[in-house]
Amino acid sequence: MSDKQNKAFWIIFIMFSVLATVGIYSQGAFDSITLGGSVIMTIFYLLVAFLIRLYVKSNPETFD
């Protein structure tokens with residue numbers, strides 16, 4: 001990936017992470033999170049990161 005694609009990936013992923021975390025926090029989900037819940041949430045974030053990376057990598061004309 002080019003530098004612009006790499007930068008676009010990180011911007012999109014960080015925006016998603018912040019907005020998703022704020023949305024989950026506002027529902028009170030962090031009040032009683034367990035180890036299993038945190039593992040599931042981490043896997044979900046990594047899956048989204050993988051999908052964002054595939055999208056950015058497969059559409060270079062959009063980000064370059």
Side-chain angles (χ1 to χ4, degrees):
M1 286 194 327
S2 70
D3 287 339
K4 288 184 180 183
Q5 286 176 307
N6 197 20
K7 188 174 181 180
F9 164 76
W10 281 109
I11 289 171
I12 294 169
F13 180 65
I14 289 171
M15 285 178 16
F16 165 77
S17 297
V18 169
L19 291 175
T21 303
V22 167
I24 293 170
Y25 180 78
S26 67
Q27 296 175 12
F30 290 135
D31 295 340
S32 61
I33 195 165
T34 62
L35 178 63
S38 62
V39 168
I40 290 170
M41 195 168 81
T42 302
I43 291 171
F44 175 71
Y45 278 44
L46 290 174
L47 176 67
V48 170
F50 177 72
L51 295 174
I52 292 171
R53 182 171 171 84
L54 284 179
Y55 175 74
V56 170
K57 197 171 185 178
S58 66
N59 295 308
E61 65 278 350
T62 306
F63 301 103
D64 282 338

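This is a predicted model, so every value here is computed, not measured.
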- Does Tyr55 share a hydrophobic cluster with Trp10, counting links as ILVMFWY side-chain heavy atoms below 4.5 Å and allowing steps through other members? yes
- Crowding at OH, Tyr25 (>12 non-hydrogen neighbours, <6.0 Å): no
- Message: Using the rule that Ile, Leu, Val, Met, Phe, Trp and Tyr join whenever any side-chain heavy atoms are under 4.5 Å apart, tell me whether Ile14 and Val22 fall into a single cluster.
- Response: yes
- Message: Return the CG to NZ distance between Leu54 and Lys57, rounded to the nearest 0.5 Å.
- Response: 8.0 Å
- Determine, using the 4.5 Å side-chain heavy-atom cutoff (strictly less than), whether Ile33 and Ile40 are members of one ILVMFWY cluster. no
- Task: Applying side-chain contact (heavy atoms from CB on, under 4.5 Å), name anything that partners Ile52, two or more places apart in sequence or on another chain.
- Result: Phe9, Ile12, Phe13, Val48, Val56
- Message: Just verifying a value: how many Å separate Asn6 CG and Ile11 CD1, rounded to the nearest 0.5 Å?
- Response: 10.0 Å
- Query: Which other residues belong to the hydrophobic cluster containing Val39, where Ile, Leu, Val, Met, Phe, Trp and Tyr are joined when side-chain heavy atoms lie under 4.5 Å apart, directly or via other members?
  - Reply: Leu35, Ile43
- Message: Which heavy atom of Gln5 sits nearest to which heavy atom of Ser2, and what is that distance?
- Response: OE1-N, 3.0 Å
- Task: Apply side chain to side chain donor-acceptor pair (under 3.5 Å) to Thr21 and list each qualifying residue two or more places apart in sequence or on a separate chain.
- Result: Tyr45
